[in-house]
Protein chains: 2
Amino acid sequence: MTPTPTPTTDRRRERHTAKLATIVAEAWALARRDGLAAISLRELADQVGLRQPSLYAYFDSKLALYDAMFADGNRQLIEVITALPERDDPREGLVELVEELTRFSSADTVRHQLLFQRTIPGFEPSPASYAVAQEFYAIGQKRLVSAGVSDPGDLDIFTALVSGLTHQQVANDPGGDRWVQQSRRVVEMYLAEIGRSTKAPSTVRKSPSRKAPK
Amino acid sequence: MTPTPTPTTDRRRERHTAKLATIVAEAWALARRDGLAAISLRELADQVGLRQPSLYAYFDSKLALYDAMFADGNRQLIEVITALPERDDPREGLVELVEELTRFSSADTVRHQLLFQRTIPGFEPSPASYAVAQEFYAIGQKRLVSAGVSDPGDLDIFTALVSGLTHQQVANDPGGDRWVQQSRRVVEMYLAEIGRSTKAPSTVRKSPSRKAPK
DNA sequence: GTCTATACATCGATAGAC
DNA sequence: GTCTATCGATGTATAGAC
C-alpha cells in the first residue's frame, strides 16, 4: 500500500514519512470533530499546508488514508498495552489489561470506531495494516494463556466481554469511566467461570441453537 | 420529525404512510447492499418510482430517513423479543432473550449498526424515535428484574455482556451463530456472579438446566 | 513534490412550475 | 406531491509547469 512514487534517497524518504505522520494526525483531528466518514480531503490538505491533489503523493485514495489511520490506531493500542507494568499474578494483569483497553476506547470514540467497527463502506484493512491488528491480538491472547485460558470458546467469551465493556463505554459514557469501573468485576466473574469449567473440560456445554451448526 | 406538509385527508395520509414504509424498506435493502452510510437518495428514489427531490415530501433530510429507519429497527426489535415464549424460570427466559438478541444482530449487520453504533455523522435519534428505543430497553430491564437483578452496576454489566456478544457476532461471524452459542454460558456466568454478590444468596443452580427452549 | 488548472461523476438540497 | 432544473460541495483523477 505504498502511495505514489516512493522517495528514493534516505533524506527524502525521511521527510516523506514525517509529513505522512502529520497528515494522519490531522485526519484524526478532523474525524474527531466531524466524524470518521465526514473527513474532507480538501480540508485535510488545507490543514497540513497542501493542495488537495498533493495528498495523492501520500495516499492513493481516501480508503488508503483510512488504512493508514487503522494501522496508526493499532500501533497506539500496542504501545498502550505493552507499557502496562508486569504483574506476578496473571489474573491481576488481565484485570489491568481490560481496564486499559476500556480506557483506550473511552479516550477516542472515532479511533474505537475505525479499529473495532466496520463503519466505513468499502474499507478493509490492507494486509500490512491487518498484521498490526493481529500483533495486538496476539499479545492479548498470550496474556490470556498466562492466566490459564486456552479453550477457543473461552477466548470467544473473553473477546465478547472486552468488546462489550469498550462499546458501552464509548456509546454511553464517552470520556468517562462508567464501564471501566466494571472491568475488574467482569474479569473476575470470567475467571471464576473458567475455573468452574476446566474441571470437566470434556463436557462442553452448548446452547440449544435453532440453527444447525456448520 | 414530520416530513414536509403532512397530508390533510385520511385517504391521503394513509397512502402517504404506506409509501413512507416502502421507502424505508427499500432504504434497508440498499443499506444491506452498499453499507449504511452509502445510501444514495437518487437510487432510493428510483427504487420506489420517484425522482430524487420527491423524497423530500417524505423526509426533510437524509438524516430524517435514518431516523425513520432507527425507529423502524427498534420496532422490529420489540416485536422479536415480545414474541418470545413465557418461561416459568426467569433465568431461562434471560438466556433465551440474550440468544434472541444476538441472533437479531447477526441477521442484519447494518440494522445493528444503526441501532447500536454511532456510525452516521450527525445522526441523533429524534425524541419520538428515541422513545421507541427506550421502550425496548424498559422491556429488557423488566426481565432482568424478574431474574433478580436490580443493582445499577449489575445492569451495566448485563448491557455490556449483551452488546459484547452481539458486536462480536456482527463483526466476526455475520449471519452465523458463533457467539449466539456462547449466550447461555455468558448469562449463567453472569447470574452466578450476581448470586455471589447479593446479601441474601438465593437458590443458585450449580449446574445449568439442559432444558431446550423449543 | 508541489503547484495550478481542470475535469468528471455523484451527492444532498432547494426553487419554482404544474 | 411530483416534477424539471439547478446549486454548491464532494471524491477522484489527470495534465503539465516548476
Side-chain angles (χ1 to χ4, degrees), chain A residues 1-24 26-27 30-31 33-69 119-123, chain B residues 1-24 26-27 30-31 33-69 120-124:
Chain A
M1 279 296 144
T2 314
T4 3
T6 307
T8 43
T9 78
D10 287 0
R11 194 108 64 208
R12 278 170 186 254
R13 182 169 303 166
E14 195 174 296
R15 289 209 304 185
H16 185 91
T17 308
K19 187 93 182 181
L20 204 146
T22 73
I23 294 175
V24 169
E26 194 56 44
L30 289 180
R33 197 193 64 187
D34 300 330
L36 202 53
I39 295 178
S40 157
L41 293 188
R42 283 179 171 86
E43 186 171 12
L44 175 58
D46 278 359
Q47 296 285 356
V48 297
L50 289 178
R51 300 296 181 163
Q52 175 256 332
S54 304
L55 283 180
Y56 283 80
Y58 299 92
F59 301 100
D60 284 337
S61 68
K62 195 181 184 182
L63 289 183
L65 169 66
Y66 286 123
D67 192 58
M69 295 170 74
T119 175
I120 303 294
F123 169 65
Chain B
M1 277 295 148
T2 314
T4 4
T6 307
T8 42
T9 77
D10 286 1
R11 192 99 73 202
R12 279 170 185 254
R13 184 169 303 166
E14 197 174 293
R15 289 207 305 182
H16 186 92
T17 307
K19 186 96 182 178
L20 205 145
T22 73
I23 294 175
V24 169
E26 195 56 44
L30 289 180
R33 200 194 62 186
D34 299 331
L36 202 53
I39 295 177
S40 157
L41 293 188
R42 280 178 173 84
E43 187 169 13
L44 176 58
D46 279 358
Q47 297 284 358
V48 297
L50 289 177
R51 301 293 185 165
Q52 174 254 332
S54 303
L55 284 179
Y56 284 81
Y58 298 92
F59 301 99
D60 284 338
S61 69
K62 195 180 185 182
L63 290 183
L65 169 66
Y66 286 124
D67 192 58
M69 296 171 74
I120 303 293
F123 169 65
E124 203 160 351

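Lettering of chains follows the sequences in order, A, B, ..., and the numbering in each one begins at 1.
- No donor-acceptor pair closer than 3.5 Å links the side chain of A:Lys62 to the backbone N or O of A:Ser40.
- Between the CD1 atom of A:Ile120 and the P atom of D:dG11 there is a distance of 12 Å, rounded to whole Å.
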- Task: Starting from the C-alpha separation in whole Å, work towards a yes-or-no answer on side chain to side chain contact (heavy atoms under 4.5 Å, CB included) for B:Tyr56 and B:Leu41.
- Result: CA-CA 10 Å; B:Tyr56 284 81; B:Leu41 293 188; 3.7 Å; yes
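- Using a distance-only test at 3.5 Å, with no hydrogens or angles considered, a donor-acceptor pair links the side chain of B:Lys19 to the main chain of B:Val48.
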Each nucleotide of nucleotides 2-13 of chain C classed B (base within 4.0 Å of a protein heavy atom), S (only sugar-phosphate) or -, in 5' to 3' order, makes SBBB-B---BBB
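- Within the 3.5 Å criterion, the main-chain N or O of A:Leu36 finds a donor-acceptor partner in the side chain of A:Tyr66.
- A heavy-atom distance below 4.5 Å is not found between the side chains of B:Leu55 and B:Leu65.
- Annotation: side chain of A:Asp10 is not in contact with side chain of A:Arg15 (no heavy-atom distance under 4.5 Å).
- The separation between A:Leu44 atom CG and D:dA9 atom P is 19 Å, rounded to whole Å.
- Remark: P of C:dG1 and CZ of A:Arg11 are 14 Å apart, rounded to the nearest angstrom.
- Among residues at least two apart or in separate chains, salt bridge (Lys or Arg N to Asp or Glu O under 4.0 Å) pairs with a member in residues 33-49 of chain B are B:Arg33-B:Glu43.
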Filtered N/O pairs between nucleotides 16-18 of chain D and protein, under 3.5 Å:
none

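- Under the rule for a side-chain contact (heavy atoms from CB on, under 4.5 Å), the partners of A:Ser54 that lie at least two apart in sequence or sit in another chain are A:Leu50, A:Arg51.
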